[in-house]
Amino acid sequence: MLQLSLSWLRLGPLAASPWLLLLLLVASWLLARFLARAYAFYDNCCRLRCFSQPPKRNWFWGHLGLAKWQHLASEGSARVNVFEHISLMALDSLQKCIFSFDSDCQAKPSDYIAAILELSALVAKRHNLTFMNKDFLYYLTPDGWRFRRACRLVHDFTDAVIQQRRRTLISQGSHDFLKAKAKAKTLDFIDVLLLAKDKDGKELSDEDIRAEADTFMFEGHDTTASGLSWILYNLARHPEYQERCRQEVQELLKDHEPKEMEWDDLTKLPFLTMCIKESLRLYPPVFGILRYCAQEILLPDGRVVPKGNFCAISIFEIHRNPSVWLDPEVYNPFRFDPKIPQKRSPLAFIPFSAGPRNCIGQTFAMTEMQVVLALTLLRFRILPDDAEPEPRRKPELILRAEGGLWLRLEPLSAGPQ
Ligand code: HEM
């Protein structure tokens with residue numbers, strides 16, 4: 001009977017084979033699943049049709065070493081790819097704050113820093129390769145091999161610091177060691193994590209601590225480098241604002257010897273802070289974020305974002321929304337004047353994102369940018385580099401400039417050396 005009913009397939013007596021039956025069943029099941037998915041996709045597309053369509057080529061993925069600068073500009077002025085220099089500065093200060101380690105990577109090469117930079121470049125490259133999202137495939141490629149080697153080096157460094165710190169804690173007694181460090185204000189991130197306990201009183205494992213430290217090294221360097229580089233670029237293009245920032249810093253530090261900043265000084269640089277915020281508005285280092293819609297979202301105009309979709313939220317576009325920002329393309333720090341009451345929503349300006357997964361390092365980043373900018377303007381005049389065309393924005397994992405961001409530095413003759 002079975003043989004008869006399947007005769008149209010011309011399979012002959014083989015058709016009675018239980019294996020063939022099983023194969024047919026599996027094939028039908030796969031086909032049913034494929035059709036169900038295709039229908040779900042079609043249905044989703046229909047529901048999303050009320051939203052504007054993305055461009056065909058996805059724009060999203062497509063398209064303080066001050067002594068060092070003093071030396072470079074000793075002939076009068078110097079052309080500098082600020083992005084490169086500031087990345088090293090940011091890594092140097094992170095390594096100090098996280099591990100209490102002086103890498104001196106701005107002056108001499110460091111294997112650890114080279115590995116972090118290599119990993120950042122490889123991650124950005126891998127993002128553009130659709131088939132490389134599977135680890136087992138990626139690790140077979142030369143890039144995958146380099147990635148694993150660099151990862152090993154970074155992990156080994158962090159492990160060594162954690163082991164060493166645990167030994168010191170045991171030999172010196174954790175209480176006395178940490179108390180002395182807290183008093184001298186030299187507690188670093190590893191110390192804080194070694195002290196941390198979860199809600200059940202359980203300490204973090206070495207692996208947990210390593211993961212946190214590595215995350216902060218990665219999240220904290222490129223983002224700050226991007227932020228600071230674009231701030232310098234904007235101030236180079238607006239010498240009047242640059243001069244006003246400089247005067248503010250000079251006035252603040254006129255009685256400070258040496259010319260260093262204290263915590264309290266950070267609240268006394270209102271104009272400089274306004275300039276930083278306006279640059280983060282026009283050139284947000286993290287230009288977009290993704291969120292998974294765990295529930296249906298009803299928008300004010302009645303359209304619905306269906307549950308189960310990923311939403312790409314463009315911080316770049318939010319910051320240039322013409323219904324919120326007058327002349328959005330114009331660099332105007334007075335938009336952030338704390339003396340002028342702002343009517344706009346707090347969600348109109350979100351360089352550090354918003355909600356429970358916002359940037360955990362934003363205070364650190366703002367502090368670092370204020371200090372670096374203030375001390376740089378005290379020593380250098382920043383000018384556009386006429387030899388280079390206007391920089392083109394390059395959205396990678398963070399907002400870069402194509403071919404780097406080139407500016408000219410001129411030492412201020414009367415500035416502190
Ligand atoms: C100008 C500098 C910075 C900008 C613009 C920035 C921006 C952001 C943004 C937009 C997010 C959210 C990403 C998302 O929602 O998917 C984020 C997350 C994060 N940032 Fe930053 N960031 C900066 C500096 C830093 C620094 C200096 C650190 C650490 C020292 C840091 C550590 C982190 C971490 C750990 C997360 C993940 C938080 C989580 O997932 O809960 N960031 N950052």
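As the structure is a computational prediction, the values presented were derived from the model and not from experiment. Order of listing sets the numbers, starting from 1, for every ligand and every atom in it.
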Inspect the contact between [Y] and [X] and indicate whether a charged nitrogen and a carboxylate oxygen are less than 4.0 angstrom apart.
X	Y	result
Glu278	Arg281	yes
Glu396	Lys394	yes
Asp188	Arg165	yes
Arg303	Asp301	yes
Arg320	Glu317	no
Asp135	Arg126	yes

When you pair each N or O of ligand 1 with protein N or O atoms, which pairs come out under 3.5 Å?
from	atom 1	to	atom 2	distance (Å)
ligand 1	15 (O)	Arg291	NH1	3.1
ligand 1	15 (O)	Arg291	NH2	2.6
ligand 1	15 (O)	Ser353	OG	3.4
ligand 1	16 (O)	Arg291	NH1	3.4
ligand 1	40 (O)	Arg357	NE	3.2
ligand 1	40 (O)	Arg357	NH2	2.8
ligand 1	41 (O)	Arg357	NE	2.8
ligand 1	41 (O)	Arg357	NH2	3.4

